Amino acid sequence: MSQMPEQSRPAEEPPDVGELTPPDRTLMGPGPSDVHPRVLRAMSTPLVGHLDPSFIEVMNEVQELLRYTFRTDNQWTIPVSGTGSAAMEAAIGNLVEPGDTALVPTNGYFGGRMASMAERAGGEVVTVDAPWGEPLDPADVADAFDDHQPDVFGFVHAETSTGVRQPDVSELTDIAHAHDAYVVADAVTSLGGVEFRVDEWDLDAAYSGPQKCLSCPPGASPLTLSDRAMDKVLDRETEPRSWYLDLSLLEGYWGEDRAYHHTAPITNVYALREALRLVAEEGIEARWDRHRAIASDLKAGVRELGLEMNAPDAYWLPSLNAVRVPDGVDDATVIDYLLTEYDIEVASGLGDLAGEVWRIGCMGYSARPKNVEYLLAGLAEALAAEGFEG
Ligand SMILES: *Cc1c(COP(=O)(O)O)cnc(C)c1O
């Protein structure tokens, strides 16, 4: 036998990866938004166990703060471990039982995600239609109820893909409740940014994400269910398809027992607590007013540049401003310019609005006058570089 050749491969070196130094961006896209320094500080505090008495106290405080922010007395109000889509899937995957009919909208990207989730939950999906860039018309929702008698109706209160805010929420819930259905609202880009009232609007379930108007990193996502909705969940004949997001199991941890289900993302819960404390200090209504005021300045500024908003004022969404890309201007070039020259993140349009709009967020800690001025300066320069005269 020949001798083993001498090791010819280079000795295994540990990978040479430098210290993390992310660029200093100003986040004005559809999320995440800039994180408040107090939230970052809360994230660098020591871990405790997820069943430590001190953490149980933190859980209670987060639930209390979430109820305040959602404007609800719902006992069943928790942060779901995961991003906004996890809270979304928890709501839909638990409320939709196999054989249920789920009515969802087609007027934006996230209605489509609702449809996929409802289908995977074993539901039969039917739709109420409106073009991308418009809200649902209550008359169409009423017709869809007459046609399909759905068990669950989901809608997107703040459609991040189109910059449209759904008005008339109480009208929608009245229609659904007259048909004994359950209403699930996507409040991912509403919560803590634009008026959103779970109890007054009689919603059965609502969910959100922390990285939009709450200015917190993604990871623990708000969810609330009424007693009526939770009764449906607890009376299910079949278990939900997800073990991780099974609310009847999560009740053991977030309910009275505080028993292990999975390890809560402690640091994300700390972050959410601090972000919600900031909401409480500012006052929820004052926070809605701030978003509206700052985004009004943004809107006035883009109009002065000769641009148009995609949504009429009647259903404009202050937390996400869809601005029309003018003829002759390439949307991606402008987005690149803002990122490379100004360190500002904004986003392009999605789906039916791809290439047609820019999506400019005005969320949480990012919703500040200096950011709006900075963005408008950058945008003016980027448009001039594209030869746009306004
Ligand atoms: C961002 C967003 C989601 C999804 O949240 P992730 O945190 O990305 O999972 C759902 N709905 C709307 C309206 C959103 O804007």
Side-chain angles (χ1 to χ4, degrees), residues 30 84-85 88 91-92 96 101-119 123-179 181-190 193-197 201-208 212 299 308-325 347-360:
S85 302
M88 182 175 190
I92 293 172
V96 176
T101 299
L103 176 66
V104 299
T106 59
N107 62 337
Y109 180 84
F110 291 102
R113 187 171 293 186
M114 273 185 171
S116 301
M117 288 179 178
E119 196 180 293
E124 170 146 351
V125 174
V126 293
T127 61
V128 50
D129 300 327
W132 280 51
E134 284 184 29
L136 298 178
D137 182 336
D140 294 337
V141 173
D143 287 346
F145 265 92
D146 290 338
D147 290 348
H148 305 293
Q149 302 296 332
D151 304 284
V152 176
F153 166 51
F155 75 95
V156 181
H157 179 247
E159 198 19 288
T160 323
S161 63
T162 62
V164 165
R165 184 180 48 82
Q166 177 66 46
D168 316 315
V169 173
S170 296
E171 268 184 73
L172 304 185
T173 50
D174 283 351
I175 294 163
H177 290 153
H179 291 261
Y182 296 80
V183 182
V184 180
D186 182 316
V188 176
T189 297
S190 327
V194 297
E195 182 177 16
F196 188 75
R197 301 176 185 275
W201 294 348
D202 211 7
L203 295 162
D204 300 289
Y207 57 83
S208 189
K212 314 253 171 145
K299 189 166 65 166
E308 283 171 33
M309 299 292 292
N310 196 57
D313 287 348
Y315 43 86
W316 159 63
L317 175 61
S319 48
L320 195 288
N321 298 271
V323 177
R324 298 221 40 100
V325 177
S348 56
L350 283 178
D352 290 1
L353 293 177
E356 308 252 319
V357 298
W358 290 294
R359 293 182 301 143
I360 304 177

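Positions are given from 1, in the same order as the sequence printed here. Hydrogens, waters and symmetry mates are skipped; everything else that's a heavy atom, side chains included, is used. Being a predicted model, the structure only gives us computed values, none of them experimental.
- Side-chain contact check for Q166 versus L172: some heavy-atom pair is nearer than 4.5 Å.
- More than 12 non-hydrogen atoms from other residues, nucleotides or ligands lie less than 6.0 angstrom from OH of Y315.
- Considering CG of N310 and CH2 of W316, their distance stands at 14.0 Å, rounded to 0.5 Å.
- Between the CD atom of E159 and the OG atom of S190 there is a distance of 10.5 Å, given to the nearest 0.5 Å.
- Inspection of the H148 and T101 side chains reveals no N or O donor paired with an N or O acceptor under 3.5 Å.
- To the nearest 0.5 Å, atom CG of residue D129 and atom CG of residue D143 are 11.5 Å apart.
- For the pair D352 and P131, the minimum side-chain heavy-atom distance is 4.5 Å or more.
- Between F155 and V128 there is no side-chain heavy-atom pair separated by less than 4.5 Å.
- Counting only heavy atoms from C-beta outward, the side chains of R359 and L350 approach each other to under 4.5 Å.
- The CZ atom of R113 lies 10.5 Å from the CD1 atom of I92; values are rounded to the nearest 0.5 Å.
- Counting only heavy atoms from C-beta outward, the side chains of V323 and E308 never approach each other to under 4.5 Å.
- The aromatic rings of H157 and F196 sit tilted relative to each other, their planes meeting at an angle between 30° and 60°.
- The shortest distance between side-chain heavy atoms of D313 and K299 falls below 4.5 Å.
- The shortest non-hydrogen separation linking T106 to W132 is O-NE1, 3.3 Å.
- Closest approach of G108 to S161, counting heavy atoms only: CA-OG, 3.6 Å.
- Within a 6.0 Å radius of CD in E124, other residues, nucleotides and ligands contribute 12 heavy atoms or fewer.
- Taking CG of L103 as the start and CD of Q149 as the end, the distance is 11.0 Å to the nearest 0.5 Å.
- The shortest heavy-atom contact between A176 and V183 is CB-CG2, 3.3 Å.
- Taking 4.5 Å as the limit, every side-chain heavy atom of N107 sits out of range of all side-chain heavy atoms of T162.
- Here the shortest heavy-atom pairing between P135 and A130 reads O-CB, 3.5 Å.
- For the atom pair I360 CD1 and S319 OG, the distance stands at 13.0 Å (nearest 0.5 Å).
- Side-chain contact annotation: T189 with T160, donor-acceptor N/O pair under 3.5 Å present.
- At a threshold of 4.5 Å between non-hydrogen side-chain atoms, the residues T173 and F153 do not count as touching.
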query: Yes or no on side chain to side chain contact (heavy atoms under 4.5 Å, CB included) for D204 and V152, after CA distance, side-chain angles and deciding distance?
result: CA-CA 10 Å; D204 300 289; V152 176; over 6 Å; no

